[in-house]
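Structure, as structure tokens:
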Amino acid sequence: MRPDPTDLDPMDGETASEYLCRQLPSEWFETDAAHKTARLATLCPAGAERAVPAVQELSDEEREAVLFRFVHYVSEGAIRAAAFIASDWTLARPDGDTDLSLPAFGSVDEARDWMRANSGFLASCVAWARSRGRHETVCRTVESAEAYMRETGEFDALVGLLRAGLDSSRALGDTVWQARMRNLVGLALLTDVRTRGARTLDEADGEFAASYALAAADGDHRGRASALEGRGLIALADGRHADALSLFTRVRPLKEAVGCPRGLAVLDLLVGRTLINMGRFDHALEYLDAALEFFVAPGDGSPVDEVNIARVRRERGRVLVAKRRWSEAQRELDLALMGFAARGLVHQSARVREMLAGHAQLTGVRDWKTHLVEAERLYRENGNETEARRLRTYLE
């Protein structure tokens, strides 16, 4: 009996699970039960048992084996994709012993496309791994998903996933993973502070403080740097710009100690943003230029970082607006918008649209509100109704 197609959760084209079926060892296909087992892997794990009427014919061992293999595939694929997106290996490193034929990404865009196509499986894989006590798999998968989901503005889903990762890190008793998960929870909360409200700053700051304490106890310079950088972002969001600059200054020697040139370029971007807020525009441009130089031609052998290039150009646009260098500012903001839009980063594109509206208003462009109309549409498209509602107050 064929399963009802309406019960299935396939995706267009070849999904990760269908790809996995092609990679299963031939012995899985030697019996009818094995064929049904392979069919399970074409479904999201959470819906597999519900969707296949013949599932009761499978032994528990067969079902567990294929679901584990499926989760392992998604986790390992996500780890490799995240390494391209974040241009860094942090804690989650590829399993060099796996016998799966995993995707080989040739560019950041290919990695993002893979994440976009398979992101629907991630939460189900995490839930399955947690239910089986596979807590390290949970942590590895969650950390990898974070690199993609925070970038695309999927904040509610991201915070829930990260809290699952934090629970699993506690179950492992692994303080390095706990520090990392707390830091990522703090970043997710901070990124969405405009939607969640000012109290989110305190909650995020608490996560960064706890992360720093754990990292300091372990002698983990990378973890300390991440937590201090997070606290700097808190100060920046809270308008305490001198405090932010002081915290970022403390981060620099820690990143230099662990040999993290990309992390230093990100730090230059953050320092540049802080200096803009302090009105030190020429000094800010020096740091932004240094960050842009690295992201355009990375010295660590990684691909050109188009998203961080767009972030730097957005900040350069802010500086140039403040300096009333209107045509240069327009060019930087246009390039930033193109960079974000080309990679489907809706939330980031909406932010730049708001900046373009401000630039147009200051330069006397009569239809400046068209940028706000587009930003409002983008926020709605991304499910960020709070931001969309905020903009509608200017348009009504």
Side-chain angles (χ1 to χ4, degrees), residues 146 149-151 153-156 158-159 162-163 166 179-216 223-255 263-281 283-285 287-288 291 308 311-312 314-319 321-322 347-348 350-352 354-355 358 375 379 384-391 393-394:
E146 185 273 344
M149 294 174 71
R150 180 155 53 91
E151 189 177 79
E154 300 173 45
F155 301 121
D156 288 338
L158 175 57
V159 170
L162 288 170
R163 293 208 184 280
L166 181 55
R180 178 64 174 156
M181 287 298 159
R182 285 195 177 279
N183 196 66
L184 294 178
V185 170
L187 286 175
L189 292 170
L190 177 60
T191 306
D192 199 24
V193 69
R194 288 171 64 175
T195 299
R196 295 174 178 272
R199 285 190 304 175
T200 303
L201 282 179
D202 293 334
E203 187 179 353
D205 198 33
E207 296 291 348
F208 290 132
S211 176
Y212 183 84
L214 289 164
R224 287 172 61 206
S226 296
L228 284 174
E229 192 169 272
R231 299 201 82 175
L233 289 168
I234 292 284
L236 199 58
D238 203 27
R240 295 180 286 110
H241 304 131
D243 289 344
L245 191 58
S246 176
L247 285 161
F248 292 146
T249 300
R250 291 173 61 191
V251 170
R252 189 171 297 278
L254 292 171
K255 288 195 171 185
L264 288 168
V266 171
L267 185 62
D268 285 339
L269 169 56
L270 295 178
V271 170
R273 183 181 299 165
T274 306
L275 291 169
I276 295 170
N277 293 343
M278 299 175 77
R280 296 166 57 180
F281 302 128
H283 199 188
L285 279 175
Y287 279 92
L288 294 174
N308 270 323
R311 290 190 177 112
V312 174
R314 179 181 60 193
E315 299 302 324
R316 283 176 54 82
R318 287 181 62 206
V319 174
V321 166
H347 186 81
Q348 304 272 20
R351 288 272 192 263
V352 178
E354 288 193 63
M355 296 176 70
Y379 283 132
N384 203 322
E385 183 54 35
T386 301
E387 296 283 27
R389 187 165 53 249
R390 174 178 60 82
L391 291 188
T393 63
Y394 293 102

Side chain to side chain contact (heavy atoms under 4.5 Å, CB included), that's the test. Do Tyr287 and Leu269 meet it? Break it down for me.
CA-CA 7 Å; Tyr287 279 92; Leu269 169 56; over 6 Å; no
Could you tell me which non-hydrogen atom of [X] sits nearest to which non-hydrogen atom of [Y], and how far apart they are?
| X | Y | result |
| --- | --- | --- |
| Ala225 | Val251 | O-CG2, 3.8 Å |
| Ala265 | Ala291 | O-CB, 3.5 Å |
| Glu229 | Phe248 | O-CE2, 3.6 Å |
| Leu190 | Ala204 | N-CB, 4.2 Å |
| Arg390 | Tyr394 | O-CD1, 3.5 Å |
| Asn183 | Ser226 | OD1-O, 3.2 Å |

For the atom pair [atom1] ([X]) and [atom2] ([Y]), what is the distance rounded to the nearest 0.5 Å?
| X | Y | atom1 | atom2 | value |
| --- | --- | --- | --- | --- |
| Leu166 | Met181 | CG | CE | 8.0 Å |
| Asp243 | Arg231 | CG | CZ | 10.5 Å |
| Leu189 | Leu184 | CG | CG | 11.0 Å |

Can you find a pair of side-chain heavy atoms, one from [X] and one from [Y], that are under 4.5 Å apart?
| X | Y | value |
| --- | --- | --- |
| Leu187 | Leu233 | yes |
| Arg224 | Arg250 | no |
| Leu288 | Ile276 | yes |
| Asn277 | Arg318 | yes |
| Met355 | Val321 | no |

Tell me if a side-chain donor or acceptor on Ser211 pairs with a main-chain N or O of Glu207 at a distance below 3.5 Å.
no
Thr274 side chain to Leu270 backbone, donor-acceptor under 3.5 Å
yes
Decide yes or no on side chain to side chain contact (heavy atoms under 4.5 Å, CB included) for Ile234 and Arg240, but give the supporting numbers first.
CA-CA 9 Å; Ile234 292 284; Arg240 295 180 286 110; 3.9 Å; yes
Assess whether side chain to side chain contact (heavy atoms under 4.5 Å, CB included) is satisfied between Arg252 and Asp268, documenting all intermediate values.
CA-CA 9 Å; Arg252 189 171 297 278; Asp268 285 339; 2.9 Å; yes
With side chain to side chain contact (heavy atoms under 4.5 Å, CB included) as the test, would you mind laying out the steps for Arg273 and Arg314 before giving the verdict?
CA-CA 10 Å; Arg273 183 181 299 165; Arg314 179 181 60 193; 3.7 Å; yes
From the options Glu387, His347, Arg389, Glu354, select the one residue that forms a side chain to side chain donor-acceptor pair (under 3.5 Å) with Tyr379.
Glu354
